[in-house]
**Q** 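Sharing a structure here in structure tokens format.
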Amino acid sequence: MISFEQFSHNLASVQTRMAAACKIFGRAPESVVLLPVTKNHPVDAVIYADRAGLKAVGENRVQEAAQKHGQTDIAVRWELIGHLQSNKAKSAVELFDRVQSVDSLKLLERLNRQAAEIGKKLPILLQCNTGEDPNKHGFMVGEMAQALEQALAAESLQVDGLMTIAPLDDDLDVAKAAFIGLRELRDDLAAQFGVALPELSMGMTGDLEVAIAAGSTQIRVGTALYGARQY
Ligand SMILES: *Cc1c(COP(=O)(O)O)cnc(C)c1O
């Protein structure tokens, strides 16, 4: 695990990249939030984020997040950004402050039921498979309207917006197209259903600038903050 000093240095670099992108693309700096992704790093990654004043962390597995949760009592918000099996919906609802990776109708239904059971209104994002890659998680673009309809009808869920992971490709234009596609889809769905869907969670270490250009409101960054993942 890197030192806190190294982390602070990395954080400053990421914040500089964000500020530069906001300036170039005419975005207000406070319109894009940085979510530090602490997956595959020890609990220190969460502690560093908290010490630096960041309010939330992203984790991709229930079990790993639960373990870190048990190792610290600091009050950060925990966001789930990885695929969730519906049989783990109960633990996820208990543990996480938001689930960004809602990728099936079955999962939606389970999360709603489990949230109702503990009297929680669970914020969620709908994950869109913008690359239409059958090996990746997320609703296909053509399934998003039905997913949103069901999510809006789910009384114990609160739909904050949409999330996507760009297709893996050295050509940044591929990510750019995916992000612009998600923003346009959000605009269409918001108009169609008469809801705001303010959150657009898109952009990671390698493509945060094109995400900010396309309208991202939250970038999820691991490697640029914490270095290569350890396990
Ligand atoms: C791991 C992960 C990230 C962070 O990726 P980096 O390239 O390390 O910044 C962002 N989003 C999701 C969904 C992830 O699983």
Side-chain angles (χ1 to χ4, degrees), residues 1-2 6-7 9-18 21 32-46 48-49 52 54-68 76-85 88 92 95-104 107 123-131 133 135-139 160-172 174-176 178-179 181-183 199-231:
M1 182 76 206
I2 59 170
Q6 181 66 54
F7 170 77
H9 176 82
N10 293 347
L11 175 60
S13 303
V14 171
Q15 286 169 334
T16 300
R17 284 176 66 187
M18 292 173 73
V32 189
V33 167
L34 171 63
L35 180 73
V37 175
T38 50
K39 70 178 187 198
N40 303 100
H41 290 288
V43 70
D44 303 77
V46 179
Y48 289 0
L54 300 167
K55 305 282 184 241
V57 295
E59 285 281 336
N60 69 336
R61 288 171 54 232
V62 173
Q63 205 185 343
E64 185 180 331
Q67 202 181 351
K68 287 175 198 170
V76 289
R77 298 180 60 249
W78 298 81
E79 300 220 21
L80 182 63
I81 60 173
H83 174 64
L84 176 63
Q85 289 170 300
K88 292 191 182 143
L95 201 63
F96 289 98
D97 297 288
R98 185 160 73 173
V99 176
Q100 299 201 3
S101 44
V102 176
D103 58 7
S104 74
L107 178 60
I124 62 158
L125 302 181
L126 296 176
Q127 182 175 351
C128 182
N129 186 350
T130 40
D133 178 345
N135 300 312
K136 295 271 174 65
H137 295 292
F139 293 103
D160 286 346
L162 311 183
M163 180 272 226
T164 199
I165 303 170
L168 200 58
D169 198 305
D170 288 337
D171 183 357
L172 269 179
V174 172
K176 186 176 169 188
F179 296 149
L182 192 73
R183 189 201 62 219
E199 190 84 290
L200 279 179
S201 173
M202 53 190 200
M204 323 198 308
T205 290
D207 54 23
L208 67 91
E209 284 87 359
V210 285
I212 290 171
S216 172
T217 59
Q218 185 190 65
I219 57 169
R220 310 175 306 266
V221 177
T223 309
L225 290 175
Y226 298 108
R229 283 179 277 279
Q230 293 170 338
Y231 55 88

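Just so you know, ligand 1 is whichever comes first in the structure, and atom 1 is the first atom listed for that ligand. Everything quoted here is computed from the prediction, not taken from an experiment.
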**Q** Please write down residue, atom name and distance for the protein heavy atom closest to atom 13 (C) of ligand 1.
**A**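 Looking only at protein heavy atoms, the one closest to atom 13 (C) of ligand 1 is Ile81 O, 3.4 Å.
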**Q** Any side-chain heavy-atom pair from Trp78 and Val57 closer than 4.5 angstrom?
**A**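 Yes - at least one pair of side-chain heavy atoms lies under 4.5 Å apart.
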**Q** Can you tell me which portion of Asn60 lies within the under-4.0 Å heavy-atom range of ligand 1? Options are side chain, backbone, both, or neither.
**A**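 Neither; nothing of Asn60 gets under 4.0 Å from ligand 1.
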**Q** Who passes side-chain contact (heavy atoms from CB on, under 4.5 Å) against Gln6, sequence neighbours left out?
**A**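 So Gln6 forms a side-chain contact (heavy atoms from CB on, under 4.5 Å) with Ile2, Ser3, His9, Asn10.
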**Q** Of the non-hydrogen atoms in Ser101 and Leu107, which two are nearest, and what is the gap between them?
**A**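 The pair with the smallest heavy-atom distance is O-CD2, 3.9 Å.
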**Q** Can you list the ligand 1 atoms lying under 4.0 Å from a non-hydrogen atom of Gly222?
**A**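 Near Gly222, the atoms of ligand 1 are 4 (C), 6 (P), 8 (O), 9 (O).
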**Q** Out of all atoms in ligand 1, which are within 4.0 Å of some heavy atom of Ile165? Include the element for each.
**A**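 It comes down to these atoms of ligand 1: 13 (C).
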**Q** Using a 4.5 Å cut-off on heavy atoms from C-beta on, say whether the side chain of Leu162 contacts that of Cys128.
**A**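 Side-chain contact under 4.5 Å: no.
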**Q** Could you tell me whether some N/O pair between Val37 and ligand 1 is separated by less than 3.5 angstrom?
**A**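 No; the residue has no nitrogen or oxygen that sits under 3.5 Å from a nitrogen or oxygen of the ligand.
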**Q** Quick one: does Tyr48's side chain get under 4.5 Å of Leu11's, heavy atoms only?
**A**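 Tyr48 does not reach Leu11 side chain to side chain.
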**Q** Could you tell me which atoms of ligand 1, counted from 1 in the order shown, lie closer than 4.0 angstrom to a heavy atom of Arg220?
**A**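 Reading through ligand 1 atom by atom, the close ones are 4 (C), 9 (O), 10 (C), 11 (N), 12 (C), 13 (C).
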**Q** Looking at atom 10 (C) of ligand 1, what's its closest protein heavy atom, distance included?
**A**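 The protein heavy atom lying closest is Met204 SD, 3.2 Å.
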**Q** Within a distance under 4.0 Å of any heavy atom of Thr223, pick out the atoms of ligand 1 and give their elements.
**A**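 In order of number, 6 (P), 7 (O), 8 (O), 9 (O).
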**Q** Check each atom of ligand 1 against the heavy atoms of Val221 and keep those under 4.0 Å away; list them by number with element.
**A**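 Answer, ordered by atom number: 9 (O).
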**Q** Between Met1 and Tyr226, which heavy-atom pair has the shortest distance, and what is it?
**A**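 Distance-wise, the nearest heavy atoms are CE-CD2, 3.8 Å.
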**Q** Number the atoms of ligand 1 from 1 as they appear, then name those within less than 4.0 Å of a heavy atom of Lys39, with their elements.
**A**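 Selected atoms, number and element: 1 (C), 2 (C), 3 (C), 14 (C), 15 (O).
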**Q** Heavy-atom pairs closer than 4.0 Å: do any link ligand 1 to the side chain of Gln100, the backbone, both, or neither?
**A**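 No part of Gln100 comes within reach of ligand 1.
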**Q** Work out which heavy atom in Asn129 is nearest to a heavy atom in Lys136; give both atom names and the distance.
**A**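 Distance-wise, the nearest heavy atoms are ND2-O, 3.3 Å.
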**Q** I need the full list of side chain to side chain donor-acceptor pair (under 3.5 Å) pairs touching residues 209-219, with sequence neighbours left out, sorted by first then second residue.
**A**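 As it turns out, the side chain to side chain donor-acceptor pair (under 3.5 Å) pairs with a partner in residues 209-219, which skip direct neighbours, are Arg17-Glu209, Gln100-Gln218, Glu199-Thr217, Ser201-Gln218.
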**Q** List the closest protein heavy-atom neighbour of atom 9 (O) of ligand 1: residue, atom name, distance to the nearest 0.1 Å.
**A**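 Ranking protein heavy atoms by distance from atom 9 (O) of ligand 1, first comes Thr205 OG1, 2.5 Å.
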